[in-house]
Amino acid sequence: MRFSYVTLLTALSLLELPNVLGAVTFADPAELKIRNDKRELEKLTQKALDKILTKLDKDEEELKKAGKKATCTRKTLRYKLEFGSMQKKDRKGYTDAVTCLQKLKAKTPAAIAPGARGRNDDFVVTHVLQTPYVHMSGTFLGWHRYYLWVYEEALRNECGYKGPIPYWDWPKWADAPQDSPLFNGDAYSLGGNGDFIPGHPGLTLNFGNTTTVLPAGLGGGCVTKGPFKDMVVNLGPVLIGTPGPLPSGLGYNPRCLKRDVGPAVAMRWSNYTSVLETFKREDIGNFQTFIQGPGTETATESGIGVHGGGHYTISGDPGGDPYVSPGDPGFFLHHAQVDRLWTLWQGLDPDTRQYALSGTNTMFNEPPSEDTTLDFLINVGYSGGTNLTMREVMSTTKGPFCYVYL
Ligand SMILES: *[C@@H]1O[C@H](CO)[C@@H](O)[C@H](O)[C@H]1NC(C)=O
Ligand SMILES: *[C@@H]1O[C@H](CO)[C@@H](O)[C@H](O)[C@H]1NC(C)=O
Ligand SMILES: *[C@@H]1O[C@H](CO)[C@@H](O)[C@H](O)[C@H]1NC(C)=O
Ligand SMILES: [Cu+2]
């Protein structure tokens, strides 16, 4: 099925190449490059998925020979889909579950976060408290993988959701994310863009030693359409805008959900070329640094990586704040895409990549800390789950996990 799609694309692209007789070019070079990169990315994605599934079958077969039964097989896998390619009722099922979670009571004690009200706030609190350890560190990818899984389990076990968390394929919608199935504001979206505020500025970011001034999006105000138009954001901000009540943005600060979705950031930092580039990073250190942003090899004054690209395509409040960004429901689909890239990258060469780690246990190694090891314990606090070793989160088909991205 997928193969014939790729074949069709290839055939179409041949038709569009400048032909020798007429010497007519239908696409400009920049467009052609993006299209070629898209095709290369699709091939790599397919190759990675094939390898992952083949390995899964092989593992099952070997266990069978040893008289054991595999727990994660093609039959038990959760297949994670791109949000826009899901049926409308399934998209609605997802946002209904998220709304349900917001209505359940928080488990975080008021002594830790007086502002935590909904069960979703437990996830925001966890992220605020652990931000200095799980970004620009050795645990970034593994910790967020676990965090997403605990969120998915909460949606399923506490709110009756049947599927996995969908992902947001950034480049697919980069030219007009505000009109995409994710943010177009219809009943099957993740809620709309923020209302447009004329003349509003883009964000100015100060990370590490880098300052980045981002272009503004097409919103800036409150979300007034779609599933999360009435959502109340309780926590933060921490870093962006006027700091919320103490302790460090964990006080009660009810306000509307704001977004500043637009193509400028998406086109510049999370296009097909940027995503393809991540796959060209051979070792885990380069790969995770390139994804995350500051200090990337191609960084100018504005290297924010594809991870930053996705975050700041949403922007707004709390989406634009690195600490409280999980307060915007779009966060989880964005990070599912980050996890998807890691999964595929690992799948392309599992022998060297499956258990590869790089970095220490603190952001930018400040304060200095130990190198992250496979035995290092991670947790997601009151969000749920237990303490896991990094080893347990390195594969999506072993340990507690059993999923792939389609
Ligand atoms: C920031 O700059 C200082 C001084 O040049 C340097 O020691 C430090 O490593 C830099 N930090 C990052 C995160 O690049
Ligand atoms: C696409 O992304 C690459 C790498 O991030 C960047 O250098 C390039 O300028 C982007 N393309 C466009 C059209 O913005
Ligand atoms: C999990 O880790 C946290 C943080 O290190 C620790 O406070 C807690 O006691 C641990 N829980 C268990 C059950 O080991
Ligand atoms: Cu994060």
Side-chain angles (χ1 to χ4, degrees), residues 27-38 41 109 112 123-137 139-148 150-151 170-171 174-175 207 212 214-215 236 238-239 262-281 288 290-293 296-314 318-328 330-339 341-342 361 363 369 375-390 392:
D28 69 62
E31 229 173 90
L32 214 57
K33 171 159 175 52
I34 289 280
R35 212 173 318 151
N36 282 334
D37 287 348
K38 174 172 190 264
L41 192 61
I112 292 176
F123 290 84
V124 182
V125 172
T126 295
H127 195 265
V128 169
L129 295 176
Q130 299 203 32
T131 285
Y133 311 101
V134 299
H135 300 96
M136 319 299 166
S137 68
T139 54
F140 171 68
L141 293 166
W143 186 88
H144 282 82
R145 174 175 283 172
Y146 185 40
Y147 182 67
L148 256 62
V150 172
Y151 186 74
W170 317 299
D175 56 353
F207 289 141
T212 306
L214 298 175
V238 174
L239 210 61
V265 170
M267 292 283 275
R268 170 66 184 80
W269 286 286
S270 38
N271 61 47
Y272 281 111
T273 307
S274 338
V275 175
L276 180 63
E277 280 292 315
T278 63
F279 285 100
K280 296 187 176 160
R281 300 302 183 277
Q288 73 192 19
F290 188 76
I291 279 193
Q292 284 178 96
T296 57
E297 290 161 49
T298 59
T300 55
E301 79 293 347
S302 46
I304 62 171
V306 289
H307 167 248
H311 273 302
Y312 298 114
T313 294
I314 300 179
D321 186 311
Y323 286 80
V324 284
S325 51
D328 187 312
F331 174 97
F332 295 89
L333 286 83
H334 161 60
H335 259 281
Q337 165 82 342
V338 172
D339 186 53
L341 298 190
W342 184 33
N361 298 327
M363 185 190 283
S369 59
D375 293 318
F376 187 69
L377 279 172
I378 56 172
N379 73 86
V380 292
Y382 286 94
S383 301
T386 57
N387 294 358
L388 292 184
T389 61
M390 281 295 290
E392 288 171 289

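In each ligand, atom 1 is the first atom listed, and ligand 1 is the first ligand listed.
When rounded to 10 degrees, the angle formed at the Cu ion (ligand 4) by NE2 (His127) and NE2 (His135) equals 100°.
Distance alone, capped at 3.5 Å, is enough to place a donor-acceptor pair between the His135 side chain and the Thr131 backbone. In this structure a side-chain-to-backbone donor-acceptor pair under 3.5 Å is present from His334 to His307.
Taking a cut-off of under 4.0 Å to the non-hydrogen atoms of Asn379, the atoms of ligand 3 that pass are 2 (O), 3 (C), 4 (C). Short contacts between ligand 3 and Asn387, defined as distances under 4.0 Å to a heavy atom of the residue, involve ligand atoms 1 (C), 2 (O), 3 (C), 8 (C), 10 (C), 11 (N), 12 (C), 14 (O).
A 6.0 Å sphere centred on OH of Tyr272 holds more than 12 heavy atoms belonging to other residues, nucleotides or ligands.
At least one N or O atom of Asn271, backbone or side chain, sits closer than 3.5 Å to an N or O atom of ligand 2. Between Trp269 and ligand 2, not a single N/O pair is under 3.5 Å apart.
Residue Met267 touches ligand 2 through its backbone alone, judged by heavy-atom distances below 4.0 Å.
Compare Glu277, Arg268, Glu31 by their heavy atoms: the one nearest to atom 7 (O) of ligand 2 is in Arg268.
In this structure, atom 9 (O) of ligand 3 is not in close contact with the protein, since no protein heavy atom lies within 4.0 Å of it. Within a 4.0 Å radius of atom 4 (C) of ligand 3, the protein has at least one heavy atom.
Annotation: Phe140 is in aromatic contact with His144 [ring centroid separation under 6.0 Å]. Two rings, from His335 and Tyr147, have their centers 6.0 Å or more apart.
Inspection of the Thr389 and Glu392 side chains reveals an N or O donor paired with an N or O acceptor under 3.5 Å. Side chain to side chain, Gln130 and Trp143 meet the donor-acceptor criterion of an N or O pair below 3.5 Å.
Restricting His144 to its N, O or S atoms, the one at the least distance from the Cu ion (ligand 4) is NE2.
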